[in-house]
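What follows is a set of notes on a single structure, which appears directly below.
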Amino acid sequence: MTQRKSFGSDNHTGTHPAVLRAMVEANSGDAVSYGADEWTGRVTARLREMFRAEGGAFLVLNGSGANILGLSVLLRRHEAVICAASAHINTDECGASERLLGAKLLTVPTADGKLTPEQIADQLSGRGDDHRSQPGVVAITQSTELGTCYTIAEMRKIADFCHANGLLLFLDGARLANAAAFLGCTLAELGECVDVLSFGATKNGAIGAEALIVMRSGLGADVPYLRKQQTQLTSKMRFVAAQFGALLHDDLWRANATHANAMARRLADEASAVPGVEIVHPVQANAVFARLPARHIEALQRDWTFHLWDERESVVRWMTAFDTSEADVDAFAADIRERAVVSRVT
Ligand SMILES: Cc1ncc(COP(=O)(O)O)c(C=O)c1O
């Protein structure tokens with residue numbers, strides 16, 4: 001039997017063939033290490049140009065590393081980070097920001113994973129009180145952990161609020177490609193109003209490659225040292241760069257994200273027609289959050305891989321990736337339909 005496609009995560013997927021080819025090409029002969037090679041030079045120059053980043057582009061190995069590095073550039077030692085309660089830095093990084101940076105996270109419950117200026121303002125009441133950790137950075141995620149996207153206008157409003165109130169803005173862009181594809185905008189438009197952001201390649205078809213993009217010129221100087229200190233300066237950096245090179249070529253990153261998003265849309269459309277299945281967040285990137293009866297979830301999980309996101313609310317997360325096919329979606333949706341009936345009568 002052929003293996004069923006996983007809808008568990010865009011991390012479950014393999015590597016895009018173009019990325020593998022680029023790795024093989026980069027494997028010819030020796031190259032200087034720690035990012036002084038020509039692949040890294042080319043790719044970081046291209047990223048800088050695409051984002052119009054004045055402070056530089058720095059390659060790292062994973063998304064958590066990019067988040068920690070980005071926050072460490074922006075935070076002073078007594079400062080806190082305001083973020084959505086659902087933010088990856090709060091829920092899924094083993095407390096790295098708290099442990100490694102010593103930064104308090106001021107978490108805000110949100111309906112859809114998106115912060116608003118009003119919610120950020122509510123977190124500022126302890127300012128000037130030396131008993132309280134001082135809010136210094138706002139962290140947003142684009143696309144969010146709940147599969148939604150900030151519009152450019154929403155991002156600008158947040159940025160304007162932050163900058164008017166002495167806060168710096170960090171963006172976790174592990175799925176920035178999916179947001180750019182949904183919004184139909186450039187990477188420069190997404191980076192424009194933030195101070196520092198990450199740009200993820202891993203979930204877009206790479207093996208393991210992320211970039212930290214520093215938008216403001218004054219903020220980039222410490223990054224090389226902090227990256228090394230935080231163990232994110234890999235010696236054979238050319239292979240990280242080669243992965244990015246493949247995804248940046250002919251905007252493969254955008255094609256991959258556009259496809260993944262379209263597969264999520266298709267799945268949401270098909271699943272929402274099944275009685276008892278409710279889509280709980282707008283489907284704007286490559287994630288579908290759905291509420292369905294517990295017995296229905298159990299029946300599906302016997303054969304399909306996906307996360308039970310919120311057991312109490314009976315909400316699951318289905319994710320698509322660059323290599324999810326229409327046939328994969330249709331087969332899964334057919335089973336969602338079929339097991340809805342079976343789980344009602346058994
Ligand atoms: C929004 C977001 N940020 C950061 C990360 C961290 O990536 P990594 O697992 O590569 O550290 C993830 C991983 O799933 C993520 O979903």
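Quick caveat: nothing in here was measured; it's all calculated off a predicted structure. Both counts, for ligands and for their atoms, begin at 1 and track the order of listing.
Looking only at heavy atoms of the protein, atom 16 (O) of ligand 1 is closest to Arg175 NH1, 3.1 Å. Annotation: atom 13 (C) of ligand 1 to nearest protein heavy atom, Lys203 NZ, 2.8 Å. Looking at atom 15 (C) of ligand 1, its nearest protein heavy atom turns out to be His88 CD2, 3.2 Å.
The backbone and the side chain of Asn62 each have at least one atom closer than 4.0 Å to an atom of ligand 1 (non-hydrogen atoms only). Contacts between Thr202 and ligand 1, counted as non-hydrogen atom pairs separated by less than 4.0 Å, are absent for every part of the residue. Heavy atoms of Ser64 found under 4.0 angstrom from ligand 1 belong to the backbone as well as the side chain. By the criterion of a heavy-atom distance under 4.0 Å, neither the backbone nor the side chain of Asp92 is placed next to ligand 1.
Numbered from 1 in the order shown, with element, the atoms of ligand 1 that lie under 4.0 Å from a heavy atom of Asn11 read 14 (O). With ligand atoms numbered from 1 in the order given, ligand 1 contributes 6 (C), 7 (O), 8 (P), 10 (O), 11 (O) to contacts under 4.0 Å with heavy atoms of Gly63. Those atoms of ligand 1 with a heavy atom of Ala174 less than 4.0 angstrom away are 1 (C), 2 (C), 3 (N), 4 (C), 15 (C). Close contacts between ligand 1 and Thr141 involve ligand atoms 1 (C) [criterion: under 4.0 Å to a heavy atom]. The distance from ligand 1 to the heavy atoms of Glu145 drops below 4.0 Å at these ligand atoms: 1 (C).
At a threshold of 4.5 Å between non-hydrogen side-chain atoms, the residues Phe7 and Val316 do not count as touching. A 4.5 Å side-chain heavy-atom check between Asp172 and His88 finds at least one atom pair inside the cut-off. Counting heavy atoms from C-beta outward, Ser72 and Gln230 have side chains that approach closer than 4.5 Å. Put simply, the side chain of Val277 reaches to within 4.5 Å of the side chain of His296, judged on heavy atoms.
For the atom pair OG (Ser133) and CG (Leu106), the distance works out to 6.0 Å, reported to the nearest 0.5 Å.
A centroid separation of less than 6.0 Å is found between the aromatic rings of Phe289 and His281. If you look at Trp318 and Phe332, their ring centroids are closer than 6.0 Å.
Crowding of Arg127 atom CZ: a count of heavy atoms from other residues, nucleotides or ligands under 6.0 Å exceeding 12.
Considering backbone and side-chain N/O of Glu93, none are found under 3.5 Å from N/O of ligand 1. The N/O atoms of Gly65, backbone and side chain alike, include none that comes under 3.5 Å of an N/O atom in ligand 1. Among the atoms of Asp172, some N or O lies under 3.5 angstrom from an N or O of ligand 1.
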Apply the test side chain to side chain contact (heavy atoms under 4.5 Å, CB included) to residues Leu197 and Met215: give CA-CA distance (whole Å), side-chain angles for both, the deciding distance (0.1 Å), then the verdict.
CA-CA 8 Å; Leu197 72 158; Met215 295 303 294; 3.8 Å; yes
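Figure legend: cation-pi geometry between Arg238 and Trp39, with NZ or CZ positioned under 6.0 Å from the six-membered ring centre and within 45° of its axis.
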